[in-house]
Protein chains: 2
Amino acid sequence: MSQDIPVTGYAILGLLTFGDELTGYEIKQRADVTLRFYWVSPAMSQIYTELRRLSDRGLVVADVRRDGGREDGREVTTYAITDAGQEALRAWMDQTPAGFPVLKHPVLLRLLIGHVTETEQTRQMLHDYVAELDQALADLSAVRESLRGADEPGQPFRFPSLVADWGLDYFDAEKRHTRLALASLGETGPEGETATA
Amino acid sequence: MSQDIPVTGYAILGLLTFGDELTGYEIKQRADVTLRFYWVSPAMSQIYTELRRLSDRGLVVADVRRDGGREDGREVTTYAITDAGQEALRAWMDQTPAGFPVLKHPVLLRLLIGHVTETEQTRQMLHDYVAELDQALADLSAVRESLRGADEPGQPFRFPSLVADWGLDYFDAEKRHTRLALASLGETGPEGETATA
DNA sequence: ACGTGACTATTCCGATTAGGAACACTACTC
DNA sequence: GAGTAGTGTTCCTAATCGGAATAGTCACGT
């Protein structure tokens with residue numbers, strides 16, 4: 001009866017296990033810097049929908065207060081995980097299979113049908129992808145660095161650090177795959193460019 | 001005005017560039033063995049929805065005939081890409097950015113919040129994931145093998161082969177990442193197991 | 001011939017999810 | 001004290017999922 005919570009609901013519950021009470025808005029922000037790399041950045045509407053559901057089931061408590069403590073401020077609602085929420089999350093982890101990752105990879109999709117356009121166009125796409133990967137690597141590296149100092153066994157960011165390292169490796173692997181594909185396409189490089197590291 | 005076609009629509013269009021006329025059902029089957037690895041396996045309902053849209057825009061032609069050629073058989077509709085469809089696909093490839101991949105990775109999501117359960121539970125999950133990766137590798141290898149003989153430059157399956165090789169590398173990389181995580185979790189392995197290759 | 005079950009083919013429907021727009025208040029700047 | 005950047009929440013529409021429902025075909029044994 002409590003098993004009809006979507007994965008995104010558990011993801012939000014999980015974000016709340018790292019300590020603080022958060023507003024929906026703050027949850028969205030945290031999701032945007034962490035969850036987005038290996039899950040989704042849920043839409044605002046979805047976060048508030050989930051929070052209502054979780055609240056209805058007693059897995060989180062909503063704390064409504066007035067902004068700045070003043071009587072006339074607007075209402076701000078923060079959410080915290082409850083004991084029941086901890087248990088539900090644990091039960092989900094222990095008793096339901098994780099499931100296989102789903103990848104929506106537009107670069108690979110386009111590479112698949114590379115025969116409908118010029119090879120040069122495909123090469124360009126792959127080069128662009130490498131640039132985006134570099135950006136993602138930079139963003140994720142920043143996250144990884146911010147976890148330093150609390151990433152040892154027993155410390156709060158041990159698991160997030162493992163995940164970040166995994167993600168960094170993943171992006172590196174993607175860069176390799178992209179280079180291999182470029183090589184296979186007889187990469188000559190855009191005009192005058194020399195091979196990059 | 002023709003730019004409001006979802007990516008899945010172009011994916012279907014792309015499947016139709018490999019030659020034959022296909023029924024919606026056959027498209028679903030092909031998607032299940034190829035697209036699923038790096039895009040989605042669209043629901044049947046979605047495939048038929050897209051085919052209607054593509055047909056309305058003249059990007060595919062529907063060919064209705066009676067099963068087995070007999071007058072009394074059921075109606076079967078096959079679809080083929082049109083010249084306009086080829087052009088639309090090409091325009092999409094050349095003029096719209098591919099976009100960054102989206103990964104829905106339940107294993108990483110759970111690893112992130114590994115602190116809510118026992119480490120042994122997390123290890124188990126990672127072992128299960130390796131087993132699923134092996135299965136995926138086997139499936140994709142079979143696809144890859146089926147492309148042999150037509151995977152040289154200029155041949156029809158050159159690009160699908162590139163994509164399959166990329167996918168195989170990706171799954172290998174995932175296995176490595178999983179092993180690294182296991183090692184970091186102080187992997188002792190399930191009772192009596194020895195390290196695998 | 002007659003069921004039975006597996007496969008092919010299509011449609012339909014309810015429930016999620018995506019993705020923003022809209023709204024409203026706060027806080028800082030010029 | 002007007003403007004604009006940021007915070008916090010709600011609402012709406014379209015897209016998507018996922019499978020049930022429907023239905024004909026085929027191969028099989030009886």
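Residue numbers begin at 1 in each chain, while the letters A, B, ... track the order of the sequences. This is a predicted model, so every value here is computed, not measured. Computed over heavy atoms, backbone and side chain alike; hydrogens, waters and symmetry mates excluded.
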**OP:** Using atom OH of Tyr79(A) as one end and atom P of dG8(D) as the other, report the distance to the nearest whole Å.
**Re:** 12 Å
Original post:
Should the pair Phe171(A) and Phe100(B) be assigned to parallel (<30°), tilted (30 to 60°) or perpendicular (>60°) ring geometry?
Top reply: tilted
Original post:
Quick one: which of dT10(C), dC11(D), dT16(D) gets closest to the side chain of Pro6(B)?
Top reply: dT16(D)
Original post:
Once you round it to whole Å, what is the distance between P of dG19(C) and CD of Glu50(A)?
Top reply: 16 Å
Original post:
Among dT17(C), dC12(C), dT10(C), which is the nearest nucleotide to the side chain of Val76(B)?
Top reply: dT10(C)
**OP:** Rounded to the nearest angstrom, tell me the gap between atom OH in Tyr10(B) and atom C1' in dA15(D).
**Re:** 16 Å
Original post:
Should Arg123(A) and Asp128(A) count as an ion pair when the cut-off is N to O under 4.0 Å?
Top reply: no
**OP:** Please identify each residue that fulfils side chain to side chain contact (heavy atoms under 4.5 Å, CB included) with Glu87(B), with sequence neighbours left out.
**Re:** none
Subject >> Below 4.0 Å: OP1/OP2 of dT11(C) and any side-chain N or O of Arg52(B) >> reply: yes
Original post:
Below 4.0 angstrom from OP1 or OP2 of dG8(D), is there any side-chain N or O of Thr23(A)?
Top reply: yes
Subject >> Any residue meeting side-chain hydrogen bond (donor to acceptor under 3.5 Å, both in side chains) with Glu50(B), in chain and number order, not counting sequence neighbours >> reply: Arg53(B)
**OP:** Could you list the residues that satisfy side chain to side chain contact (heavy atoms under 4.5 Å, CB included) with Ala142(A), not counting sequence neighbours?
**Re:** none
**OP:** Check side-chain hydrogen bond (donor to acceptor under 3.5 Å, both in side chains) between Arg90(B) and all other residues, then give those that pass, not counting sequence neighbours.
**Re:** Thr117(A), Asp94(B)
**OP:** List in numerical order all residues of residues 24-37 of chain B for which some heavy atom is under 4.0 Å away from an atom belonging to DNA chain D.
**Re:** none
Original post:
In terms of the nearest nucleotide of DNA chain C, which residue is placed more toward the 5' end: Lys104(B) or Thr77(B)?
Top reply: Thr77(B)
Subject >> Sequence-distant partners of Arg52(B), side chain to side chain contact (heavy atoms under 4.5 Å, CB included), two or more places apart >> reply: Asp56(B)
**OP:** Hey, which sits more toward the 5' end of DNA chain D by its nearest nucleotide, Met44(B) or Arg53(B)?
**Re:** Arg53(B)
Original post:
Can you tell me how far P of dA21(C) sits from OH of Tyr48(A), to the nearest Å?
Top reply: 17 Å
**OP:** Measure from CD1 on Ile47(B) to P on dG19(D) and round the result to the nearest Å.
**Re:** 14 Å
